[in-house]
Number of protein chains: 4
Amino acid sequence: MSFNTFGHLFRFTTWGESHGPALGVVVDGCPPGIPISAEVIQRDLDRRKPGQSRFTTQRREEDLVRILSGTFEDEADGLLKTTGTPISLMIENTDQRSKDYSEIKDKYRPGHADFTYQQKYGIRDYKGSGRASARETAARVAAGAVARLVIPQVKVRASLVQIGPHKIDYSRFDWNQVDQNPFYCADPVAAQEWEGYLDGVRKAGNSVGAVIEVVAEGVPPGWGAPIYGKLSADLASAMMSINAVKGVEIGEGMNAASLTGTENADEMRAGNQGPYFKSNHAGGILGGISNGDPIVVRFAVKPTSSIITPRESVTVRNENTDVVTKGRHDPCVGIRAVPIGEAMMAIVLADHYLRHRGQTGRDGGIGYDI
Amino acid sequence: MSFNTFGHLFRFTTWGESHGPALGVVVDGCPPGIPISAEVIQRDLDRRKPGQSRFTTQRREEDLVRILSGTFEDEADGLLKTTGTPISLMIENTDQRSKDYSEIKDKYRPGHADFTYQQKYGIRDYKGSGRASARETAARVAAGAVARLVIPQVKVRASLVQIGPHKIDYSRFDWNQVDQNPFYCADPVAAQEWEGYLDGVRKAGNSVGAVIEVVAEGVPPGWGAPIYGKLSADLASAMMSINAVKGVEIGEGMNAASLTGTENADEMRAGNQGPYFKSNHAGGILGGISNGDPIVVRFAVKPTSSIITPRESVTVRNENTDVVTKGRHDPCVGIRAVPIGEAMMAIVLADHYLRHRGQTGRDGGIGYDI
Amino acid sequence: MSFNTFGHLFRFTTWGESHGPALGVVVDGCPPGIPISAEVIQRDLDRRKPGQSRFTTQRREEDLVRILSGTFEDEADGLLKTTGTPISLMIENTDQRSKDYSEIKDKYRPGHADFTYQQKYGIRDYKGSGRASARETAARVAAGAVARLVIPQVKVRASLVQIGPHKIDYSRFDWNQVDQNPFYCADPVAAQEWEGYLDGVRKAGNSVGAVIEVVAEGVPPGWGAPIYGKLSADLASAMMSINAVKGVEIGEGMNAASLTGTENADEMRAGNQGPYFKSNHAGGILGGISNGDPIVVRFAVKPTSSIITPRESVTVRNENTDVVTKGRHDPCVGIRAVPIGEAMMAIVLADHYLRHRGQTGRDGGIGYDI
Amino acid sequence: MSFNTFGHLFRFTTWGESHGPALGVVVDGCPPGIPISAEVIQRDLDRRKPGQSRFTTQRREEDLVRILSGTFEDEADGLLKTTGTPISLMIENTDQRSKDYSEIKDKYRPGHADFTYQQKYGIRDYKGSGRASARETAARVAAGAVARLVIPQVKVRASLVQIGPHKIDYSRFDWNQVDQNPFYCADPVAAQEWEGYLDGVRKAGNSVGAVIEVVAEGVPPGWGAPIYGKLSADLASAMMSINAVKGVEIGEGMNAASLTGTENADEMRAGNQGPYFKSNHAGGILGGISNGDPIVVRFAVKPTSSIITPRESVTVRNENTDVVTKGRHDPCVGIRAVPIGEAMMAIVLADHYLRHRGQTGRDGGIGYDI
């Protein structure tokens, strides 16, 4: 994908900085005739919104989305529907409290994009990280809400599966638990334990990383394409484009290196509805194309570099200095990445659905003709 | 990227199947006036070529590359140079020994793309996996050799760093060792130990996965772009598009989840030539843009599913069956992925170099004006 | 180009309908550090704005543009500058007077996109033509104003050169006249004569077509690229994408068919600064690449189909009916296409400038090194 | 489109120079399961082949096409079919007679791309114009032959309708005549008259331009898309990318400027199968979307600049000189542009068919559901 645009047939472009008047997204290529509403988009945005618990930044962002174009009320049923033209979604920035930027204006914060933006562009919007702010992810969550409407047969869900060194126990995995704790975690016991751990991290003025697992169920076989349009390659690009992500895995992921061929390859059996796989080490993708099993993606979010502990750095004039983050930040930005990962999964799948339909005229594999 | 094309300004399109008359690549957007020769491309291809040791398939593929277009002899110095027009490279398939495909023709091999190609396209080239064959990677290695010429100031190297569960010891890491053992491994002790291990795997009729680390030195700060054009996102897409890859990491990768903010963020100091980083947990990328440190990418290759051990599967008529791979295959396809990973790194960097130069008019960061 | 996006390195995406809350454009890939202001964009928008004379629609559209992102105030000089990130421009629709759409809601207006949108999408925003409204062109004029800033050395101007069957006399061509008459016409005598003619057309409840000529001076040799990225091909696409355009010409255009080789090919002579052309039948483009002469493009705009004369048509229920346009429309939409043509010329050139710089590292031809 | 690639879902990339070993095209995104053969592609290539009459260059080019990838023999019916993977087509250059290039090597031929290629790239393949050679069009004709197979319900035909100042009489238009004369002209009387005219031009050592009209019948309503993906915009780009083309028209084309709204807008009537248009001034496209009527495109080809009459020019060292073309060239290159125009029409339509199907799930308009 390129610059600030992602996708081919279902594609979107995001814009906006953290401390400008607004941010937004233009979704292009959406199929026409799909019922839509600001409410359904808002629902996903609210899950990403900060200030939901003591473990996410206390910054208040209303994140109210407005639909500015691309929809029309169908008189036949009174429903607002997509028209097939660009859907422009805008979120105004309401919490731009006047703040003293004199410190970060002149310093490069370690682990942030300050230095690289300055190097690349020679000019840097230092207010709230400018374009590099995680607020951009609100725009993609909005786009992801539209993407979900394009593939209603697909259920996309995510869970935090690791925070710092603490992993969940998959034997306790229960999707119903995800909205029952402040971590979007499917393992209720782990979520309980993490509370104390993360309180400690927060009080120590530190931060910690996390791993998010995103699962898409209901994807038919046949989505994706060789070779550079592999479903897995687009998912890797999608997840790696999220702020602070440093690793992406499909199915067994990095662990596939440790396995033998007998352990890793998913055996097949004849089923009533066609062949099925006895296991899903592949994460639902073979040769870059979906195989009908759930698509399983994990990605690692690094600990935020905005911490209260002083860090060595330099000024824009190349002088040694220290940086201490003040203000409102997340001890674990990975928590809020859960709905973002869902959004990117939905976006990639919606795009591949349309691309597959374009090339083959079918909704999915041979057994899935329209 | 899309279908069989990768890249934006430096872009290439590959074509060809394992058992057709030839395969090839068209490289478009290459800067003009760059000295080039079939020999320099051949050198990279020879490193990927099978049959180099007992640990890679004994299939004989000459993999001789021909330059069919896009070059011209400069009369001033007698050198063959790129003209800025499409460079077409072709490799003929010479080892298409007539083979009995009757078995795999009717069966889906577990872990392969047989089932998904059949589902997607309704037709499948079962000879040597058709388009899903790893022979496609020869085409990208050829494209990568051209990419290297575009960024001669950048040194791209790779090493196998894990085979099965056995990792290298980074304290012994020495680039000079890479070409001294059959594993392209920078740790000579590990390479020695792996010989016995992999012999065992091979004799057991099994296979095993691997992790490859690719490092690019000499990349100036400033390459890459927000948000969906992040250098990290394109690298993730590039590596995940390689056959059998299931995970991609930048810098700390998945391990970043386990770290705290104090551990992970690279502190900065004022240097004589400008700011520098005291560590490289970031893998040379911040906010999707290179920071001047080495770019470090790792990817995991799954164990090949083509093994001598019988595996449960189904026929194309949805009947239960067993599959046993006969013929010539790699016990660890990860070994040959080393030059492929280098090629993809070079390709992504060449593309981002040109994109950065297009937008800013500079070769790199503010200190790197042309 | 694709859907609602145009361009490669300098690229923009437009959104919005005629009667929604707003319309806008996101400009991506703009070089950083360029001084910009809402005023400079507004200046171009004001030239496109309706209601400037009795020859354009009396609809009142303030067309006030807001910059929502992508800029930052440079403290060094106090100027607002581009940051290299997406520039989001929004224009609110202020003149959405409540109107009775009951007639056009159920009828297909001849010559409009009503029937084709309904066929394609199965749903149609009938208010003011929805996405097919010429109001979309405000967004591209805004993008064009940004493009001009990217190539300040290039002067892009346009003139109406034909209205109905009446052509200008090129011997009277004077760029200074363009803003002195309501037709943006460089021939003051023709402009005078057209007044009476167009009054007659308007009073007859009819409309008429026009031809616009756009000229770019200061383009160095070397912009453009073979084969499908030809400067001429992108200009043709750009102009043909404007509402109501049915023909595009470069240099001699359709007339080139009538010429002989001796008449048409521009001869060259040695000049002090290098070779120059004795004539410009080519319109400044040879083999898809600029040759240093002015780029000359003409395009024909059809007469608007919104006229007061009753026209035979059908209802959405396939019943015969008549359509009579009421309300505010232009007798010659071609007049307002003058600044739109300039905008598209500037956009194509800015994009090719960056693409050329990306591939070659130069601003123009060999004599134009940075 | 970009560089040497055209199209989105149905896309192709051409490569090769006039005097290299071969030229070719990679067609990507073709739907799977379509019967194909080298013969069906060869048929279109043979129509473009030079040396068919005394009015085209006597150069002998066999132009034999080979299919190198992307097809497979379906055992069910024994037919060779597309597999959905890249189709690589190659044509070897057989008539590279050793020639003395010493003259054009050092001179810029007026009207050719010699000067602009040298300026852009700083290096120029002067043998037979290198990449700027019209031989590139063989590659697109091959791609067009594949495109036709994707939309078998659409009939794409073309006719020469003007040569020099001499136009056909549309009252005599008869598609059956096109292959009965050396001009691919649907008006047999005009074709007869043109023989003497063109003989005169040829004997005078001169050349002349032409206009080609391409018509596509059987296109359902609904193909195309606002705003920058308009069917008309893509057709304009496609035709303008052909060598020597200087103007493109849809329907009334440039003449639309001279018409009034009452004359130009096609009225509609209720028909048994839905609404129909009483005329086709629109050329089958409204708002960038097909309306079910034949798509009508015309383009003007300039007279070739390679003529026997001496022309003033300069050397690569900026010295005045004369250029006289020797060797084998066409007095009217427009004749051979007829099958090329057909190919580009087929390619644009095939791409838009797939794009429409991707977004809407339908083959055409509302009445054309799959």
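Protein chains get the first letters and strands the later ones, always in sequence-line order, with residue 1 at the start of each.
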- Taking C/D28 for its side chain and A/N4 for its backbone only, find out whether a donor-acceptor pair lies under 3.5 Å. yes
- Message: Under a 3.5 Å distance rule, please check whether C/E17 uses its side chain to pair with a backbone N or O of A/S69 as donor and acceptor.
- Response: no
- Task: Please list, in residue-number order, every residue in residues 78-87 of chain C that has a heavy atom less than 4.5 Å from any heavy atom of chain A; write 'none' if there are none.
- Result: C/K81, C/T82, C/T83, C/G84, C/T85, C/P86
- Taking side chain as C-beta onward, heavy atoms only, is A/R66 less than 4.5 Å from C/P21? yes
- Which bit of C/E75 is near chain A, if near means a heavy-atom gap under 4.5 Å: side chain, backbone, both or neither? side chain
- Item | For chain A, the option from C/G24, C/G130, C/G33, C/G70 that forms the most heavy-atom pairs under 4.5 Å | C/G70
- Task: Mind checking salt bridge (charged side-chain N to carboxylate O under 4.0 Å, His left out) for A/R11 and listing every partner two or more places apart, or none if nothing turns up?
- Result: none
- Item | Separation between CD of C/E73 and CD1 of A/I123, rounded to the nearest 0.5 Å | 9.5 Å
- Examine whether an atom of C/R124 lies under 4.5 Å from a heavy atom of chain A, and if so say whether it belongs to the side chain, the backbone or both; otherwise answer neither. backbone
- Identify the heavy atoms of A/F3 and C/L9 that sit nearest to each other, and give their distance. CE1-O, 3.8 Å
- Query: Can you find a heavy atom in the side chain of C/M90 that is under 4.5 Å from one in the side chain of A/S88?
  - Reply: no
- What is the distance from atom OG1 of C/T13 to atom CH2 of A/W15, rounded to the nearest 0.5 Å? 13.0 Å
